[in-house]
Amino acid sequence: MTTTIALLQAGGVEGLIFNFLPIIAIVGIFYFMVIAPANKQRRKTQEMLAALKKGDRVVTSGGIYGTIQGVESDIVHLKIAENVKVRVLRSAIVNTISGDSSAD
């Protein structure tokens, strides 16, 4: 009860709200500038990984360009040069490439 009386004497509930308002504003700004864009990017990447199919041209996290020759559950078979195929994790694919430029 003494804390209630102290709150009322120090400016009441309004004073308490105004003290927490900057913290609430910082959390809101942090959410809209950091968390929301990161969630959007993660969803976009997951959709891209789920849509991989044979013939797609991709780039791995190691910077290797290749063409998908086959897709298993978590493994992607990439053709990176003539008679050179590698197996990489699906999660190692960072981007798909569109266009006619020949990278492999």
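None of the values given here were measured: they were computed from a predicted structure.
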Tell me whether L52 is reachable from I75 by hopping between hydrophobic residues (I, L, V, M, F, W, Y) whose side-chain heavy atoms are closer than 4.5 Å.
-> no

In terms of hydrophobic clustering (I, L, V, M, F, W, Y; side-chain heavy atoms under 4.5 Å; direct or indirect links), are F32 and V34 co-clustered?
-> yes

Decide yes or no for F30 and I35: does some side-chain heavy atom of the first lie under 4.5 Å from some side-chain heavy atom of the second?
-> yes

Pick out which of L49, I64, D56, T45 makes a side-chain contact (heavy atoms from CB on, under 4.5 Å) with I93.
-> L49

Are V84 and V58 joined in one hydrophobic group, where the rule is that I, L, V, M, F, W and Y side chains link up if heavy atoms are under 4.5 Å apart?
-> yes

Residue R90 excluded, over 12 heavy atoms near CZ under 6.0 Å | yes

Mind checking the NE2-CD spacing from H77 to Q69? Nearest 0.5 Å is all I need.
-> 10.0 Å

Shortest non-hydrogen contact from I80 toward Y65 = CG2-O, 3.6 Å

Can you check whether L89 reaches V76 side chain to side chain, under 4.5 Å on heavy atoms?
-> no

Note, K54 side chain near V71 side chain (heavy atom, < 4.5 Å) | no

CG of N95 to CE of M48: how many Å apart, nearest 0.5 Å?
-> 6.0 Å

Validation row: L78, K85 side chains within 4.5 angstrom (heavy atoms) = no

In Å and rounded to the nearest 0.5 Å, what is the CD to CD distance from Q46 to Q41?
-> 10.5 Å

